Structures are given as C-alpha cells and as structure tokens.
Amino acid sequence: MTGVRWRDDEEAVPRDLVIGVDVGGTTVKAALLDSAGLEYGRSERPTPRHLGTDAVIATIISAIVELQTRVPEAARLRAVGLVVPGVVEAQQGIAVYAANIGWRELPLRQIVAEAVGLPVVLDHDVRAAGLAELEWGAGRGLHEVLFVALGTGVAAAVITRGEAYAGATGRAGELGHLPVFPEGERCACGQRGCTETYASGAALSRRYSAASGISDLPAEDVISRAAAGDPVAQGIFSDAITALGRALVSYVLLMDPEVILIGGGMGASGTALLQPLSREVQGGLAWRPAPTITNGKFAGDAGRRGAGLLAWRALQESKL
Ligand SMILES: [Zn+2]
C-alpha cells in the first residue's frame, strides 16, 4: 500500500511508538506508529454504534489493548492519539457530539486513558487526517491546504500557515454544510441545499436509489455507472460535482489554498471524480486560476496516522 512501510526486523525496531486510533461511523482503525509515521502494526474492527456508546468505547479500548500486545520488546509505547468525528473539545478531552455515533459531552480522553494506562490525546478525525497529509503525505512542505474527506459525509480540514484551524468553537471546516443550492433539498442538519445533501457518498447512493429504484449502490459504483453512460447516474453525479464545485469555489476565493486534497472513500474514484471537479472549480472562477485538486496519499488511513501524529506532537510539546 502506498505510504505504508512495515518493519518487522528487530534491528529496525524504534525505542518509542504511539498508537493512533480513528473512530469512524463504520470502522475503528488503529495503528502502531513511530515518530516518522512508519507503521508497525494495525487493527480494524466494526464500530458497534447500534449497540450504544459503551459498546463503542469498549471497542476503542480493545483496539488499543490488541496493539499494546504487539509492541516489540525493545520498544516503549508512549501514548495514544484518538480521533473522533463531530464536535470535539480537544483541550478538555471531551467528545462533545457526533451525530453518527450518538455520544454527547463524553469525557472520552479520561475514560480511555484510565482503561489502557497510557496518556491519551483526543482530537477531531478530519483535522487529524489533514495534518497527516501535511506532515507525511501529499501536502508535505505546503502551508495553505484544504483537505476534503469525501466519504459517507463531507467534511474538511482547513489548514492555514501549516496548522489545522479549528475555529472559535471547534466547528471550522464544515464544508459539507455550506448551502450551495438555494431552496434545495433539506439537509439532516436543518438547513437547505447543503453540499453534503448532494455530494456525500450517502447522498449519491440515496439519490440514485430514489431515481432508479436500485438501493444500496455504493457511491463509487454510481460514479462508475455515470462514466459508463447511465443517464440517471450521470444526472446525480453531475449534481454532486456542481455542489462540491460551488463549495470549493467559495473556499478558494476566501482562503487561496495552494492545493485541495481529496480523501475519504470517494477519493478512490480518482480521475473520474477529480477531472470533472477540477473543471467545475475552474469554471466557477472567472478571474483567478484554480489550485490543483488531487488525491491525498493515505486514503482511508489518514485518520489513524493523524491520530498518531497528534500523540507525537503532544509528547514533543510535553503536553502528555
Ligand atoms: Zn447541512
């Protein structure tokens, strides 16, 4: 896999490792990482969100415990980086709210730290993923980057001056809820015409199902059907590109990024997505060039890598 290097030989074992954990709505992904971002083991397990918050917490803890047992004898496990969706109060270590998991005001950092006996840093999944791309991936050496996680939902990491920007209340980067179609479809958030209502993976599947009667088709398949000439898929994909393009045009005009990186599950559609999206963004900008729009390097691994990166940063800044 691109960007992943495995080192099982004892000579190469580093002294210190951290565990990065990315809690998604579908999967809890964890990895053992050294300070250069090299991976020494990983685990994945389904997120049992239908069983409630306690079951999700138990899954997070068991993912960490599993990797604890795989730390080479010569190495020392220093900390855990834990990233979650929704609204996160990083300083206090509180998972404030996540619509797709269901917790509210949960002191997750303390709960996990006490359970695993390691210092824990808690942060936001997409901001962490963006930082991983900036430090170790496709955004290396850059300072002004928009990282867009295009998956079940649409979210973004605003990176400016080389740092992820969280905003006054931790809610910056909600690209998915920029209203792009006035009087458009109602979004789950309460607004109308949000980007996410048209351009998320869930939206592509839902809208394709409503128009064709074929349900549960993954977004990637809607995109490939569009490329193959299916007119229903083409209409829905075109709406997604228009919505996302408008959101990105607004971002470019406000923030002037060097590059826009597309990650998340739909990023795997590659040029079938990137080409029409780049055309749309350039078409929406009359007087200035569009920045390059390209894929992130780590695809679905960016979150756990970013979680590990934040653990390293906290260690280096003596915050743990
Ligand atoms: Zn919305």
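Counting convention: from 1, in listed order, for ligands and their atoms alike. This structure is a prediction, so every number in the text was calculated from the model and none was measured.
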Under the ring-ring contact (aromatic ring centres under 6.0 Å, His included) test, which residues partner Y198, sequence neighbours left out?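 In terms of ring-ring contact (aromatic ring centres under 6.0 Å, His included), with neighbours along the sequence ignored, Y198 is linked to F181.
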Would you mind reporting whether D125 and V23 have side-chain heavy atoms less than 4.5 Å apart?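 Not in contact.
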Check whether any side-chain heavy atom of Q191 sits under 4.5 Å from a side-chain heavy atom of E196, and report yes or no.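 When only atoms from C-beta onward are counted, E196 and Q191 do not touch, as no gap falls below 4.5 Å.
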E135 and salt bridge (Lys or Arg N to Asp or Glu O under 4.0 Å): which partner among R305, R140, R313?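 Per the salt bridge (Lys or Arg N to Asp or Glu O under 4.0 Å) rule, the option paired with E135 is R313, out of R305, R140, R313.
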Examine the side chains of R171 and T169 and answer whether a donor and an acceptor come within less than 3.5 Å of each other.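 Per modelled atom types, R171 and T169 side chains form a pair under 3.5 Å.
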Could you walk me through whether T195 and L244 pass side chain to side chain contact (heavy atoms under 4.5 Å, CB included), step by step? CA-CA 6 Å; T195 308; L244 198 54; 4.0 Å; yes
So, at under 2.8 Å, which protein N, O or S atoms would a careful student list around the Zn ion (ligand 1)?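 As for protein N, O or S atoms lying under 2.8 Å from the Zn ion (ligand 1), they are H177 ND1, C187 SG, C189 SG, C194 SG.
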